[in-house]
Amino acid sequence: MNQKEYRAQVDAIPFSPDFQARTIARLAQLAQEKEQKTMQKGKFRIGLVAAVAAAALTITAYAAVVMLRPQDVAREVGNTTLAAAFEGEDAIAVNDSQTVGEYNVTLMGLLSGQGLSLVEGLPDSITRDKTYAVLAYSRIDGDPITDDVPQLTVSPLVEGYAPWEVNAWTLEGGTHTFAQEGVLYYLFECDNVEPFADRAVYLAVYPGTHLPPNAATFAISDEGHISVKTGAEAVLFPLPLEKGKADAQKVADMGFALWEPIPEEAPLPQGTDDQARPQPESGVDIQISGDMDESFVSFPSASPQN
């Protein structure tokens, strides 16, 4: 049963206008009868509160919003091949939630491999070796999200490589986003990150609309460990990749340079700190496809400054 069918059936459950009042009154009557038969008044009061709360939850539960699943998100953006793949055993359920600024962000699921995408307008995508991640945003204050333009950026980061070396831009990233029933759904794709599986691989989420990762938000130690700088509003979702899928040759073919700390005696480029390196000048090519409820944003490759 899909989400729409479920909502339709639940919404069809009839409730009389005085159902809540009659239910609470009946619970109170039963509680009063029980109080006359027991001396354990403290336990009774706790039981009464719990019973009334349970009744209220029963009354309002039918109106709760049912979150989409990763396969539902893929289907909503028109990628039926990916939707079917998210139903399979290779899909990884994550369901990890963290807070970024005024948003609750949930990494719902992850999937990597070839032949996972078949979208109208991208005829060659069927052969690409990609990683797909599905996220959901909701506002902490409970206000619904109605705009499908996210106020957060998503980018993979890999330990051992500077954030401005390996990221959504250098891994040919892209997104589909749409808002539904107050929740923003975010389908992210990039080149397959499984070849890096013998290292810690993260999906970083931080404020800004498609901004490349920089030294003001992320730090990298001499050993290549990536962290969020103190005071920065960013989170790192560890990706549960199978180490056996690491492929050193594929990583070498990508041409990325491992992190090498700048010697202390070497002068730093203007505007950087003691852990920063020159960063790429990255543009963002925003392509709108379909109606206003759906957009695709591509992150073009970027090369470091000379």
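From a predicted model like this one, the values you see are computed outputs, not experimental measurements.
- Here R69 contributes atom CZ and E87 contributes atom CD; the two are 5.0 Å apart, rounded to the nearest 0.5 Å.
- Nearest approach of V166 to T170, heavy atoms of both residues: CA-OG1, 3.4 Å.
- Here the side chains of H225 and I220 are not in contact, with every heavy-atom distance at 4.5 Å or above.
- Judged by distance alone, the side chain of S112 and the main-chain N or O of E194 form no donor-acceptor pair under 3.5 Å.
- Here R75 contributes atom CZ and L68 contributes atom CG; the two are 10.0 Å apart, rounded to the nearest 0.5 Å.
- A side chain to side chain contact (heavy atoms under 4.5 Å, CB included) with L203 is found for one member of L135, D96, V235 and no other, namely L135.
- Screening residues 102-116 for salt bridge (charged side-chain N to carboxylate O under 4.0 Å, His left out), with sequence neighbours left out, gives E102-R139.
- Of the listed residues (Y185, Y186, Y137), just one forms a ring pair (Phe, Tyr, Trp, His ring centres under 6.0 Å) with F178, and that residue is Y185.
- Considering every non-hydrogen atom in both A179 and D147, the closest pair reads CB-O, 4.1 Å.
- The nearest pair of heavy atoms linking T153 to G208 is OG1-O, 2.8 Å.
- Closest heavy-atom contact between L157 and P213: CD2-CG, 4.2 Å.
- Here the CD-CG distance, from E172 to N192, works out to 14.0 Å after rounding to the nearest 0.5 Å.
- L107 and I140 end up in different hydrophobic clusters when Ile, Leu, Val, Met, Phe, Trp and Tyr side chains are linked at under 4.5 Å.
- A donor-acceptor contact shorter than 3.5 Å links the side chain of Q98 to the backbone of L236.
- W259 places a side-chain N or O within donor-acceptor distance of the main-chain N or O of S221, the cut-off being under 3.5 Å.
- Residues Y103 and I145 form a side-chain contact, since some pair of their non-hydrogen atoms from C-beta on lies under 4.5 Å apart.
- Remark: N79 CG to Y132 OH distance equals 6.0 Å, nearest 0.5 Å.
- Relative orientation of the F218 and Y206 rings is perpendicular, given thresholds of 30° and 60° on the angle between their planes.
- E189 has its side chain out of reach of L116: every pair of non-hydrogen atoms, C-beta onward, lies at least 4.5 Å apart.
- Within the 4.5 Å cutoff, no side-chain heavy atoms of T175 are placed close to those of V154.
- In terms of modelled atom types and a separation under 3.5 Å, the side chain of S155 and the main chain of N167 share no donor-acceptor contact.
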Intermediate values then yes/no, side-chain contact (heavy atoms from CB on, under 4.5 Å), L239 and I92:
CA-CA 10 Å; L239 300 186; I92 301 173; over 6 Å; no

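- Closest non-hydrogen pair, P195 versus V251, comes out as O-CG2, 3.4 Å.
- Electrostatic pairing of K250 and D253 does not count as a salt bridge here, judged by no charged N lying under 4.0 Å from a carboxylate O.
- Between the CD atom in Q151 and the CG atom in L184 there is a gap of 9.5 Å [rounded to 0.5 Å].
- Between P156 and L171 the shortest side-chain heavy-atom distance falls below 4.5 Å.
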Check the pair F196 / Y161 against ring-ring contact (aromatic ring centres under 6.0 Å, His included), numbers first and verdict last.
CA-CA 10 Å; F196 298 101; Y161 298 88; 5.6 Å; yes

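- Looking only at distances, a side-chain donor or acceptor of N214 sits under 3.5 Å from a matching main-chain atom of T217.
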If you apply the rule side-chain contact (heavy atoms from CB on, under 4.5 Å), what do you find for V158 with V193, and how did you get there?
CA-CA 9 Å; V158 179; V193 297; 5.7 Å; no

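- A 4.5 Å side-chain heavy-atom check between P240 and V94 finds at least one atom pair inside the cut-off.
- With values rounded to the nearest 0.5 angstrom, F237 atom CZ is found 6.5 Å from S97 atom OG.
- Across all their heavy atoms, A197 and E242 have their closest contact at CB-O, 3.2 Å.
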